[in-house]
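Have a look at the structure below, then the notes.
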Amino acid sequence: MNSKQKHWYDYLWIVTPIYLGLGFFNILFAWLGLIFFFLPLLIAIFGGGKLYCNRYCDRGQFLGLLGDKLKLSRNKPTPNWMRSKAFRYGFLIFFFAMFFQMLYTTYLVGSGAQGLRQVVKLFWTFRLPWHWAYHGTLFAPWVAQFAFGFYSMMLTSTLIGLIVMVLYKPRSWCVFCPMGTTTQLICQARAGKPQNTCTGSCTSCSACAEGGSHAQ
């Protein structure tokens with residue numbers, strides 16, 4: 001008998017390939033990614049701590065599946081510099097800077113100052129044609145522009161997660177994930193001081209697995 005009972009949320013890993021697949025065929029599905037953007041923040045704001053990271057994160061589960069179950073990870077310790085405050089907060093600032101730049105581009109398209117760009121930008125640098133994923137809709141062009149930009153961020157961050165998964169621990173991405181860092185800051189603000197926000201039941205986060213803390 002399996003000593004660990006499976007729950008519905010143990011299968012959320014499927015959300016990651018489904019989301020990326022839908023965005024490949026119709027870019028407007030990228031808007032669904034806002035769920036992954038706001039849900040962790042709302043859970044943390046309303047007292048749930050890092051419950052999303054520890055239990056509901058589809059990307060974390062997906063990386064764990066590829067790295068642990070399929071043995072695609074070298075399973076090497078995550079470098080200390082990657083777990084440092086300087087890197088995690090620096091990556092957080094960079095991530096949100098790119099997010100607000102994307103919003104500004106969406107504003108330019110909405111105001112008519114710039115035309116719709118049907119491209120996906122990987123690693124915030126490489127522009128890939130993605131015109132087949134936009135079929136023309138009743139929505140304004142800025143709706144599609146936001147979708148292209150947001151899908152670019154989601155695809156890029158997934159690829160970064162896959163790269164560090166292969167090189168290091170399966171869930172090394174979790175160590176410096178911008179949403180994980182943000183929820184940690186929310187937890188610290190609610191508590192009034194830095195603290196270890198682990199629930200005690202999380203066994204897959206790279207930081208915990210290496211004897212670290214979410215609030216290093």
- Message: Side-chain heavy atoms nearer than 4.5 Å, only ILVMFWY residues, links allowed to pass through others: does that put Leu108 and Met102 together?
- Response: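 Per the 4.5 Å side-chain linkage, Leu108 and Met102 are not co-clustered.
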
- Message: Do Ile93 and Trp173 land in one hydrophobic cluster if side-chain heavy atoms of ILVMFWY residues count as linked below 4.5 Å?
- Response: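 Cluster IDs for Ile93 and Trp173 differ.
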
- Counterpart residues, side chain to side chain contact (heavy atoms under 4.5 Å, CB included), relative to Thr105 (two or more places apart):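 With sequence neighbours excluded, Thr105 shows a side chain to side chain contact (heavy atoms under 4.5 Å, CB included) to Gln114, Gln145, given in chain and number order.
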
- Message: Check the orientation of Phe96 and Phe99. Use parallel for under 30°, tilted for 30 to 60°, and perpendicular for over 60°.
- Response: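 Geometry flag for Phe99 against Phe96: perpendicular rings.
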
- Query: How long is the gap from CG on Leu41 to CZ on Phe46, to the nearest 0.5 Å?
  - Reply: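 Reported value, rounded in 0.5 Å steps: 11.0 Å.
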
- Measure the spacing between CH2 of Trp31 and CZ of Phe37 and express it to the nearest 0.5 Å.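 Rounded to the nearest 0.5 Å, the CH2-CZ separation comes out at 12.5 Å.
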
- Task: Verify side chain to side chain donor-acceptor pair (under 3.5 Å) between Arg59 and Ser157, making sure each step is shown before the conclusion.
- Result: CA-CA 10 Å; Arg59 181 180 293 175; Ser157 56; 2.9 Å; yes

- Message: Please confirm whether the ring centroid of Phe36 lies under 6.0 Å from the ring centroid of Tyr52.
- Response: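 Here the rings of Tyr52 and Phe36 have centres that are no less than 6.0 Å from each other.
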
- Message: Taking the ring of Trp8 and the ring of Tyr56, is the distance between their centroids below 6.0 Å?
- Response: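 Tyr56 vs Trp8: aromatic centres under 6.0 Å.
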
- Item | Cation-aromatic face contact Arg88/Phe176, 6.0 Å, 45 degrees |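 No - Arg88 does not lie over the ring of Phe176 by the 6.0 Å and 45° rule.
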
In this structure, are over 12 heavy atoms from other groups packed under 6.0 Å from [X] atom [atom1]?
X	atom1	answer
Tyr104	OH	no
Phe126	CZ	no
Tyr107	OH	no

- Item | Pairs meeting criterion side chain to side chain donor-acceptor pair (under 3.5 Å) with involvement of residues 123-136, two or more places apart |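 For residues 123-136, and leaving out neighbouring residues, there are no side chain to side chain donor-acceptor pair (under 3.5 Å) pairs at all.
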
- Query: In chain order, what residues pass the side-chain hydrogen bond (donor to acceptor under 3.5 Å, both in side chains) check against Thr16, with sequence neighbours excluded?
  - Reply: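 Thr16: side-chain hydrogen bond (donor to acceptor under 3.5 Å, both in side chains) contacts with Asp58.
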
- Message: With a 4.5 Å cut-off on side-chain heavy atoms, are Leu185 and Tyr89 touching?
- Response: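 Tyr89 reaches Leu185 side chain to side chain.
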
- Message: Could you check whether any side-chain heavy atom of Phe146 comes within less than 4.5 Å of a side-chain heavy atom of Leu34, counting everything from C-beta outward?
- Response: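 The answer is yes, as the side chains (C-beta and beyond) meet within the 4.5 Å cut-off.
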
- Just by distance, with hydrogens left out, do Thr183 and Lys50 show a side-chain donor and acceptor under 3.5 Å apart?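 Note: Thr183 and Lys50 side chains meet the donor-acceptor criterion.
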
